[in-house]
Number of protein chains: 2
Amino acid sequence: MITLGYALLGLLARQSRSGYDLIQSMENPVGFFWHARRSQIYPELARLEEAGLVTHELVEQWDRPDKKVYTITETGLAALREWMTAPMARAPDRDEFTLKAFSVWVSDPTAAAPLFRTHEQLHRERQAIYEQTVREMEERWGRAELLRLDSPRFASYATLRRGIDYERSYAEWCHWMVEMLEGQHAKEGDES
Amino acid sequence: MITLGYALLGLLARQSRSGYDLIQSMENPVGFFWHARRSQIYPELARLEEAGLVTHELVEQWDRPDKKVYTITETGLAALREWMTAPMARAPDRDEFTLKAFSVWVSDPTAAAPLFRTHEQLHRERQAIYEQTVREMEERWGRAELLRLDSPRFASYATLRRGIDYERSYAEWCHWMVEMLEGQHAKEGDES
DNA sequence: CACTACTATATCATTATTGATATAGGAGGA
DNA sequence: TCCTCCTATATCAATAATGATATAGTAGTG
């Protein structure tokens with residue numbers, strides 16, 4: 001099965017949702033680690049249902065279009081558990097922005113610097129969003145709940161921690177690049 | 001144009017290579033930030049040639065099959081420069097392993113811990129490879145050359161720095177996860 | 001002599017993902 | 001009233017990426 005399928009199962013294991021809700025969840029902060037378009041989600045839901053991993057219930061609404069609310073089945077939960085603990089190889093790394101760094105030498109440093117400056121900003125913003133989310137979670141459920149291993153809150157918290165580390169380390173690297181490109185490498189220490 | 005195209009141009013800007021050489025370069029440490037299979041590289045080279053971004057010269061060899069050595073053109077270099085400084089949005093994050101963390105709550109912690117243990121190891125190993133590469137570069141060209149902005153060495157060094165940070169932060173997160181899952185969260189500080 | 005590995009290029013089918021577009025009712029603002 | 005936005009689902013074409021396989025010569029090992 002496709003990774004997207006497990007992403008959807010992971011969301012449905014927490015709570016039943018419509019396709020539209022799933023699309024929202026995939027776009028919002030918590031879904032930062034996997035991304036998909038509507039055109040991929042609806043067919044994938046159909047495939048999950050065909051495989052018996054989810055079922056749907058039609059919910060009629062008077063004020064807006066009717067929706068199909070999907071619920072994970074026991075089979076679906078079992079599939080999610082199996083995927084969860086299945087040994088897995090490193091995913092091939094793919095980052096177009098880092099790829100740019102690999103060719104930074106061909107361009108004028110003063111032309112390249114703004115690019116890295118912008119990305120430093122983008123990553124710091126994302127970091128701030130994740131940190132804010134963690135703070136909100138702490139206020140809402142308390143720190144103890146976030147550390148209860150069988151709680152979805154813990155899983156969200158763990159994921160967010162990864163996100164925060166990722167964004168911070170990315171932003172720091174961008175910052176270093178800007179310093180280099182702007183010729184202010186006086187601060188540059190040695191951390192071989 | 002496709003990102004892979006710029007990855008290939010980036011390699012050819014440094015040195016002319018055959019398709020086969022390019023495949024090697026994409027698999028080795030330096031090419032850790034983008035990945036492609038043979039079946040994608042050969043057609044892409046043909047497309048680059050059709051677009052006038054590279055040319056090839058047939059090199060006959062007596063001891064092994066003849067090869068086509070590709071060289072970047074002025075147009076190709078211009079295209080690379082333009083892509084280099086073109087404003088770029090955040091790439092959608094995609095990491096199947098982090099996605100697993102999002103569903104870690106459904107599985108038994110003792111079953112999940114080894115998974116994170118393994119990945120900590122994988123990332124530490126990769127980190128060590130990158131660090132070793134940097135050390136070799138320092139020995140071979142000297143630290144000053146690695147910081148010369150118009151040198152491909154600087155670009156490689158910058159890329160490797162990103163790689164090292166990425167691997168370290170990933171490994172540290174995996175380590176934290178293992179501690180959590182194994183119930184040794186005594187060390188857990190507060191870094192909100 | 002068979003087997004395996006390496007150099008070298010290439011095609012094919014399939015799957016995954018993206019981008020554009022369609023439909024359709026309700027809400028809210030200009 | 002027109003326009004835009006939101007909820008809600010869906011299809012379609014195009015592109016990107018993967019996996020499998022083919023060909024073919026050389027070199028080395030058992």
Side-chain angles (χ1 to χ4, degrees), chain A residues 1-8 11-12 16-28 31 33-51 54 56-70 88-96 99, chain B residues 1-8 11-12 16-28 31 33-51 54-70 83 88-96 99:
Chain A
M1 194 166 79
I2 199 180
T3 305
L4 173 60
Y6 293 107
L8 298 177
L11 285 164
L12 293 176
S16 295
R17 294 167 217 243
S18 69
Y20 191 82
D21 290 338
L22 285 167
I23 290 162
Q24 307 308 312
S25 307
M26 295 292 285
E27 273 168 13
N28 287 346
F33 39 83
W34 203 262
H35 179 262
R37 304 299 174 97
R38 312 145 215 57
S39 50
Q40 215 192 341
I41 290 174
Y42 287 113
E44 184 57 23
L45 275 170
R47 247 173 286 156
L48 290 174
E49 183 152 44
E50 206 192 353
V54 303
H56 84 261
E57 186 194 3
L58 223 145
V59 175
E60 289 179 45
Q61 295 181 113
W62 61 109
D63 59 336
R64 51 185 73 172
D66 297 350
K67 61 180 177 180
K68 299 179 190 167
V69 172
Y70 289 87
M88 182 191 155
R90 270 181 67 96
D93 296 299
R94 221 164 223 166
D95 184 341
E96 187 175 348
L99 188 66
Chain B
M1 193 167 78
I2 197 180
T3 305
L4 172 60
Y6 293 107
L8 298 178
L11 285 164
L12 294 176
S16 295
R17 294 166 218 244
S18 69
Y20 191 81
D21 290 339
L22 285 166
I23 290 161
Q24 306 309 313
S25 307
M26 296 291 285
E27 272 167 13
N28 287 346
F33 39 81
W34 204 263
H35 179 261
R37 304 300 174 95
R38 311 144 215 60
S39 50
Q40 214 192 341
I41 289 174
Y42 288 113
E44 184 57 24
L45 275 170
R47 249 174 284 157
L48 289 175
E49 184 152 43
E50 206 191 356
V54 302
T55 52
H56 84 262
E57 186 196 2
L58 224 145
V59 174
E60 288 180 45
Q61 296 181 113
W62 62 109
D63 59 335
R64 50 185 72 172
D66 297 350
K67 61 181 176 180
K68 300 180 190 166
V69 172
Y70 289 88
W83 167 74
M88 183 192 155
R90 269 181 66 98
D93 295 299
R94 221 164 223 166
D95 184 341
E96 188 175 348
L99 188 66

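Letters go in sequence order (proteins before strands), and every chain restarts at 1.
Shown here are the side chain to side chain contact (heavy atoms under 4.5 Å, CB included) partners of A:F33, two or more places apart in sequence or in another chain: A:T159, B:T98, B:L99, B:F102.
For C:dT9, the OP1/OP2 oxygens have no side-chain nitrogen or oxygen of B:Y20 closer than 4.0 Å.
Atom CZ in A:R64 sits about 18 Å away from atom C1' in C:dT23, given to the nearest Å. At whole-Å resolution of the value, CH2 in B:W62 and P in D:dA27 are 11 Å apart. One can place CD of B:E49 at 14 Å from C1' of C:dT9, the figure rounded to the nearest angstrom. The distance from atom CG of A:L58 to atom C1' of D:dA8 is 11 Å, rounded to the nearest whole Å. Rounded to whole Å, the distance from CG on B:L45 to C1' on C:dA8 is 13 Å. In this structure, CG of B:D21 is placed 10 Å from C1' of C:dT7, rounded to the nearest angstrom. In this structure, the CD1 atom of B:I23 is 8 Å from the P atom of C:dT9, given to the nearest Å. Taking atom CD on A:E60 and atom P on D:dA8, their separation rounds to 14 Å, with Å as the unit.
Under 3.5 Å, the side chains of B:S18 and B:D21 contain a donor-acceptor pair of N or O atoms.
Nearer the 5' end of DNA chain C, as judged by each residue's closest nucleotide, is the contact made by B:P65, out of B:P92 and B:P65.
Surrounding CD of A:E50 are at most 12 heavy atoms belonging to other residues, nucleotides or ligands under 6.0 Å away.
A salt bridge between B:R47 and B:E44 is present, with a side-chain N of the basic residue lying under 4.0 Å from a carboxylate O of the acidic one.
Checking C:dT7, D:dA8, C:dA10 against every side-chain atom of A:Q61, the shortest atom distance belongs to D:dA8.
Under the 3.5 Å distance criterion, the side-chain polar atoms of A:E49 are matched with a main-chain donor or acceptor of A:H56.
Between atom CE of residue A:M1 and atom CG of residue A:L8 there is a gap of 8.5 Å, rounded to the nearest 0.5 Å.
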Taking only nitrogen or oxygen atoms into account, show me every contact under 3.5 Å that the protein makes with nucleotides 11-17 of chain C, one pair per line with its distance.
residue	atom	partner	partner atom	Å
C:dT17	OP2	A:Q40	NE2	2.8
C:dT17	O3'	B:R94	NH1	3.3

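Counting heavy atoms from C-beta outward, A:K67 and A:V69 have side chains that approach closer than 4.5 Å.
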